[in-house]
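Reviewing the structure listed below.
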Amino acid sequence: MKLSFTHWSPNPTKVTFSITFFLLCFIFTGKVLAQNCPPPSAVQIDADSITTTTAQVTWGLVSGADYYLVEYSPEGYPAGFGVIDTAFVDTLILDGLNPCVVYDVYVYSICGNNISPPSGPSTFTTTTSHPTCTYTFQLNDDFGDGWNTAFLSVLHNGEESVFTIDYAAGSSATFELDVLSGLPVCVNYSPGFFENEVSFNILDPDGNSIYADGPDPATGNIINFIACNATCAVPKAWGMADVNATNARTSWSFLPGTNNGSVFLEYGPMGFTRGTGTTINVPAGQTSATLTGLEEKTWYNVYLGVDCGTDSSKVIGPLQFETLWLVDVGVSFIIPNADEFCNLGNNETVTVGL
């Protein structure tokens, strides 16, 4: 890349100089991205191998490849900045993973000093170690012809479940929903025709009725509760508020009535295993924290949980962020000295170091 600059001296002579940058792209310890080194095919995750901390990835062998690089980290990370492992066959066990996290996996072929484009991502979710429990939804229709387009919708952990009685089902239907302890459950009712026929009952994991309505049930958001009778819930919103070169600030907010515990955070380099990172404990009521001791221009993950004393929430995350350079762009030297600029002649060279 060549950049041209123009300098005007006090006399009518225009002095022009240029700076030339040579850009070479190296990936993974100096290996050059090459077209003659094809990427592996059929990268996939063995579903039966997925646990809270491990998973097995397989791919098709490439003729001429000396070995393979497997890169993985939480979903959405920029390729080239994840955890790297090496394999000489067509399979690898990924370990040191975190429970209930979505991961992306890329596989590269290495052919001598060349590296293929990435194959992937292949995406999978580790299993959860968090306790679950089951709620029961009992639906009834007095006339026996279904709910006539009415339905219950349940929002939990970012997913929606819809319950109704079809015409063929007649007068009743029962549904069970497995939920994660400590997370909010939001139940909504949408009406249909002949509301005087509709009624329902919601039972907790112990079989106790926690909400019942009908005929002519209330509509809209009818009940919200914390799953499994837990009172320790995760924030409803969480993000990075400010990111710098060696520190960053994260902030969060809770659903009304659910913030009754202190927050704990753990952060570390992209793809780190929980338990090996830096931890912060934040008093109850505080809604932000500063992460310190970071390296400049480095990708990080951060996880969050809530400690309510006798109970703790599900750990959520990770958030991903990249720190900035301490000095983003700067001039390190100019030859000749700036004081001599006004004495430059035509076609003289100025060297600028960035």
Side-chain angles (χ1 to χ4, degrees), residues 74-76 98-102 123-141 146-166 169 172-193 195 198-214 216-239 251-261 263 287 303-306 308 311-319:
E75 182 184 31
N98 295 313
C100 201
V101 173
V102 182
T123 301
F124 68 97
T125 305
T126 50
T127 56
T128 178
S129 59
H130 209 68
T132 63
C133 62
T134 303
Y135 284 80
T136 302
F137 296 78
Q138 299 174 337
L139 281 54
N140 295 284
D141 181 83
W147 265 18
N148 303 296
T149 74
F151 62 90
L152 286 170
S153 66
V154 184
L155 299 176
H156 174 72
N157 196 30
E159 297 183 358
E160 180 182 25
S161 301
V162 176
F163 305 135
T164 189
I165 304 178
D166 295 330
S172 65
T174 299
F175 302 92
E176 292 186 342
L177 179 66
D178 293 332
V179 295
L180 294 172
S181 174
L183 297 187
V185 179
C186 304
V187 184
N188 296 271
Y189 176 72
S190 295
F193 305 102
E195 287 295 287
V198 173
S199 61
F200 57 87
N201 189 19
I202 303 174
L203 307 179
D204 70 10
D206 297 323
N208 302 310
S209 176
I210 60 172
Y211 187 92
D213 203 356
D216 296 305
T219 62
N221 181 215
I222 55 175
I223 183 176
N224 300 323
F225 56 90
I226 303 302
C228 309
N229 297 322
T231 58
C232 203
V234 298
K236 69 171 184 178
W238 175 39
S251 61
W252 54 88
S253 62
F254 287 87
L255 287 168
T258 61
N259 182 11
N260 60 352
V263 168
T287 58
Y303 294 84
L304 180 150
V306 182
C308 298
D311 191 15
S312 61
S313 76
K314 171 190 175 184
V315 174
I316 59 175
L319 287 181

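Given the structure is predicted, the values throughout are model-derived calculations rather than measurements.
Looking at every heavy atom in both residues, I202 comes nearest to V187 through CD1-CG1, 4.1 Å. Across C100 and T125, no two heavy atoms sit closer than the pair C-CG2, 4.4 Å. Residues W238 and S251 come closest through the heavy atom pair CD1-O, 3.2 Å. Between L304 and P235, the closest heavy-atom pair is CD2-CD, 3.5 Å. Residues V101 and G317 come closest through the heavy atom pair CG2-O, 4.0 Å. Of all heavy-atom pairs between L180 and A227, the closest is O-CB, 3.1 Å.
More than 12 heavy-atom neighbours from other residues, nucleotides or ligands sit within 6.0 angstrom of CD on E160.
Going from atom OG1 of T134 over to atom CG of L203 covers 11.5 Å, rounded to the nearest 0.5 Å. Considering CG of L152 and CD1 of I223, their distance stands at 11.0 Å, rounded to 0.5 Å. To the nearest 0.5 angstrom, L155 atom CG is 11.0 Å from N157 atom CG. Note that the OG1 atom of T219 and the CG atom of D213 stand 10.0 Å from one another [nearest 0.5 Å]. The distance from the CG atom of L139 to the CD1 atom of I165 is 5.0 Å, given to the nearest 0.5 Å.
With T164 contributing its side chain and A150 its backbone, the two residues share a donor-acceptor pair below 3.5 Å. T126 contributes a side-chain N or O that, together with a main-chain N or O of N98, makes up a donor-acceptor pair within less than 3.5 Å. Proximity of a side-chain donor or acceptor of W147 to a complementary backbone N or O of E195 within less than 3.5 Å is not detected. Side chain of H156 to main chain of C186: no donor-acceptor pair is present (N/O by atom type, distance under 3.5 Å, no hydrogens or angles).
No side-chain heavy atom of S253 sits less than 4.5 Å from a side-chain heavy atom of T287. Side-chain contact between F200 and I222 is present, with heavy atoms from C-beta onward closer than 4.5 Å. Looking at P217 and V198, their side chains come closer than 4.5 Å, going by heavy atoms from C-beta outward.
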Stepwise side chain to side chain donor-acceptor pair (under 3.5 Å) check, S209 with N201: CA-CA 7 Å; S209 176; N201 189 19; 2.6 Å; yes
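Between F163 and the choices Y189, F175, Y135, F151, the ring pair (Phe, Tyr, Trp, His ring centres under 6.0 Å) rule is met once, by F175.
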